[in-house]
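Only one structure is covered here, and it is reproduced in the block below.
In the text below, chain A, chain B and the rest are named by the order of the sequence lines, each starting its count at 1.
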Amino acid sequence: MIRIENFTFAYPGTGKPALEDVSFEAAKGELLLVRGASGSGKSTLLYAINGLVPHIFNGESSGTIQVNGFSPGERPIGEISKTVGTVLQNVESQIFMMRVEDDVAFGCENLRMPREEILLRREEALKAMDLWEMRERETFKLSGGQKQRLTISAIYAMGPKIFLFDEPTTDLDQGGRKEFFNILKRLKSEGKVVLLAEHQYEEYLPLVDRVVTLDRGRTVPSVQALRDCPEPVYGVGNLGDIVISCKGLCVGYEKGEPVLKHVDLEVRKGEFVALCGKNGSGKTTLLKSLAGILRPSAGCLNVLEKANPDLESLMGHVGFLFQNPDEQLFADCVEEEVAFGPRHLGKEVDIEKYLRISGLYEARGSHPQALSRGQRQLLAVTSILAMEPDILLLDEPTTGLDDTHWRRLLSLLHQSVAEGKTVVFTTHNGKAAGRASRSVHLEEGRIVSDEIRQ
Amino acid sequence: MKFVSRNTLFHRLDPRTKIGMSLMCACLIVLLRTPEGLLALLSILLATFFFVRPPAAYVRTLLYLMGTAVIFTMISQGFFYYFEPKTPVFTIVPENWGWIGRVTGGLAVYREGLIYGAVQSLRLCSAMVLSMTVVMSTYPSDLILGLERIGVPEKVGFVVTVSIRFLPAIIEEAKRILTAQKLRGLKGKGVRGGFRVLRYLLPPLIIDSLRHARRIALAAAVRAYTGERTHVRTLQFSRTDWVATAISAFLTIFLLFYYGVFL
């Protein structure tokens, strides 16, 4: 189905190839895992198969690509999408319509299929992804996992033989990842070719037929075992006074029942706490109320000896990291970004120290938005650390980070805990939760388990 | 402000009927001359607005918007009313007040201006009620399909669809950026503070919107979007639509003849 021989490609104006001398093949019913660090060329490889390279990203290329007997460069993208279906990163920007069934029809309508055929395909695709019951729902009301299924279903309806997935599970919780496993299994059994570019692939290994490992654009032999190197282990230090305490805390949005229901929690100075749970279990809501972004509707909350605090009263004492780093980078250069918080709070802080420990010193003159995704995440965390808050609250800090950046972030956090700060973060990633000194599990707005590691 | 799913007669009308009605109302808003005529139009529109059973929050928003429109038009017209004769209600800067008086030519609030403003604000209010009623009662894709069927280019329709779909996300994002700023100690008090907040709000918002736009463009490309497409949704111009159109046309002509045309 896919045959790639000595393919090399460079984006215009970069000089350095994004892919170099890549060769591999894939046959019907095979699942290929494409792995590699951020920037290793995984996405570019997928784009070369679905025709975005060269139709949208036009650069210099050599070598050959054959997909189902044709070369993607020769046909318009619309034509290729009948054979190659792509689920891109970030589900949110791939849903075009307001209603589930309309979105599934969108691709078929673009292929100018007659109405009757679309209706048939749509029904089949909705049923295949277990969305038939929800076909009339509004798309923005779906959960992360449902949105993912919707995008896959929309591609499925177009009837491709090859499916490309670009980091599809980044925003999925355990349940969503399991559902995705079943979808992969189904696609394989239907004889589709699947290319899966992914950081967290461990649980999909049973389905993988072949591995393509990319390192800075080149394929490297995949003999090396598919496992991670050991990570630094964190030891619990001496704990101090209670800095956060909630009793019977309820937090809700405008209407309906509260998202958090009578939560009791105490956190001591120097703790490193992971809040775990499915999407929608209330972890982010809890975290936001600890920062004073959301106010409790009942119960009491004490943060740093302030009762039911608002955002202003915690300013400078509590640092908060939002999920998307790009929403918290305002300044014109990295150095200024790190200095932003301390300057506005009137604190004297050694900015250089923070630039060095985060490994951003070399990039201090760059524009924050020009950094890679992983670096932007590190910068956002560093900018918050530099305010030297007593408590650090991080919402899904590990999302979309590759191994290198993940380790760096972890060591930054460990270091601040060692300095006597308290860190609380949310995660749906079991690996990340395992690095904390304590994990608190939430389910439907209640704490169901609280485990402290020695 | 968005589509509210209800099963009223107005909801069931073909979007083309509603577009037609809107065009007729737009003509009336511009052409009607007398306060009575404009009041009659506004009453009809308000009746329709309540007929589609708006949620309480929307009614509050509408009242707030209408109140603001009336007050601001009255004040601005009160100050800058141009026509003669005009009677000052009260004077802020008299004409003989040294150089300020000479430069401004005197500054006063005129009674005729206030009345003129009140009448003009009826036009604004009608436009608001009209657009809210249509948006609330028409599923966006249908509205766009309706526009396309009456000759608006497909690509324009798609741009509108995508904007409706993604605008709320951008607003949410702006809110998060503002919170993040606050958490980093940026205070937005006063005019200078306001400018500072904007200065640090716009770059991330614009850059992220561009990133978002690029992702959307790629997603549209892999979903084979070229601008020419078929449609699963169909529109039915029923007898009710003919009747509704006829009634609207009759009302339009009646109002124009009865209350006179502004020319």
Side-chain angles (χ1 to χ4, degrees), chain A residues 50 52 55-56 76-78 81-82 85-86 88-90 92-99 102 105-115 118-119 122 140 154-155 158 291 293 311-312 315-316 318-320 322 324 326-332 340-346 369 383-384 387, chain B residues 2-3 5 57 139-142 158 161-162 164-166 168-169 172-187 196-197 199-234:
Chain A
N50 67 19
L52 289 180
H55 292 291
I56 294 205
I77 295 187
S81 65
K82 287 182 197 167
T86 316
L88 296 163
Q89 248 172 358
N90 192 317
E92 207 54 59
S93 42
Q94 296 174 71
I95 298 173
F96 290 90
M97 298 291 150
M98 313 267 287
R99 205 179 287 188
D102 289 349
F106 178 68
C108 302
E109 291 174 328
N110 292 333
L111 290 174
R112 312 193 67 186
M113 292 177 189
R115 182 164 183 272
I118 300 179
L119 290 176
R122 176 166 84 179
F140 61 88
I155 296 293
M158 294 166 77
I293 299 172
L311 201 141
E312 272 80 15
M315 207 186 255
V318 170
F320 191 95
F322 285 87
N324 179 356
D326 303 336
E327 291 167 358
Q328 33 211 324
L329 301 177
F330 325 116
D332 298 328
F340 186 97
R343 185 156 55 88
H344 285 102
L345 293 166
Q369 304 282 1
S383 312
I384 291 163
M387 298 192 296
Chain B
K2 56 173 194 267
F3 174 67
S5 181
Y139 181 61
S141 304
D142 284 346
F158 183 64
T161 318
V162 171
I164 295 175
R165 160 77 183 78
F166 291 102
E172 281 305 307
E173 178 165 343
K175 282 189 197 160
R176 282 194 298 269
I177 296 176
L178 290 174
T179 316
Q181 288 183 348
K182 254 192 202 164
L183 285 160
R184 298 263 293 279
L186 190 69
K187 293 179 190 76
R196 215 166 36 211
V197 165
R199 149 87 179 74
Y200 291 114
L201 167 68
L202 293 180
L205 191 63
I206 293 170
I207 292 173
D208 221 39
S209 301
L210 289 176
R211 272 204 195 103
H212 208 67
R214 208 186 73 132
R215 286 196 294 260
I216 294 169
L218 288 188
V222 299
R223 293 275 281 282
Y225 181 78
T226 51
E228 287 176 30
R229 42 199 301 253
T230 50
H231 288 278
V232 168
R233 295 186 82 89
T234 49

A:G107, A:P114, A:S93: which one forms the most heavy-atom pairs within less than 4.5 Å of chain B? A:S93

Minimum heavy-atom separation for B:P140 to B:I164, with atom names? CB-CD1, 4.2 Å

Considering only heavy atoms, which portion of B:L202 lies under 4.5 Å from any heavy atom of chain A: side chain, backbone, both, or neither? neither

B:R184: which of A:M387, A:R343, A:M315 passes side-chain contact (heavy atoms from CB on, under 4.5 Å): A:M387

Toward chain A, the part of B:L183 with a non-hydrogen atom under 4.5 Å: both

Side chain, backbone, both or neither of B:V162 within contact of chain A (heavy atoms, under 4.5 Å): side chain

Between A:R99 and chain B, which part of the residue has a heavy atom less than 4.5 Å away: side chain, backbone, both or neither? both

Please flag which part of A:M98 lies under 4.5 Å from any non-hydrogen atom of chain B: side chain, backbone, both or neither. both

NZ/NE/NH1/NH2 to OD/OE distance under 4.0 Å, A:E312 and B:K187: no

Restricting to non-hydrogen atoms, name the atom on B:V222 and the atom on A:M158 that form the minimum distance, rounded to 0.1 Å. O-CE, 3.9 Å

Heavy-atom distance under 4.5 Å to chain B: side chain of A:L329, backbone, both or neither? backbone

Should the ring pair B:F166 and A:F96 be called parallel, tilted or perpendicular, given that the plane angle runs from 0 to 90° and is split at 30 and 60? perpendicular

Option that, when pairs with chain B are counted at under 4.5 Å, heavy atom only, ranks first among A:L345, A:N324, A:D102: A:D102

Using a cut-off of under 4.5 Å on heavy-atom pairs, state which of B:H212, B:H231, B:R199, B:R176 scores highest against chain A. B:R176

Hey, is the main chain of A:Q94 close enough, under 3.5 Å, to the side chain of B:R223 for a donor-acceptor pair? yes

Name the orientation class of the two ring planes belonging to A:F330 and A:F340 (parallel below 30°, tilted from 30 to 60°, perpendicular beyond 60°). tilted

CZ/B:R211: more than 12 non-hydrogen atoms of other groups inside 6.0 Å: yes

Which bit of A:D326 comes within less than 4.5 Å of chain B, counting heavy atoms only: side chain, backbone, both or neither? both

Against chain B, label A:F322 side chain, backbone, both or neither, depending on which of its atoms sit under 4.5 Å from a heavy atom there. side chain

Does any heavy atom of chain A fall under 4.5 Å from the side chain of B:A213, the backbone, both, or neither of them? neither

Do you know which of B:G185, B:A217, B:S5 has the most heavy-atom pairs under 4.5 Å to chain A? B:G185

Closest heavy-atom contact between A:N110 and B:A224? CB-O, 3.2 Å

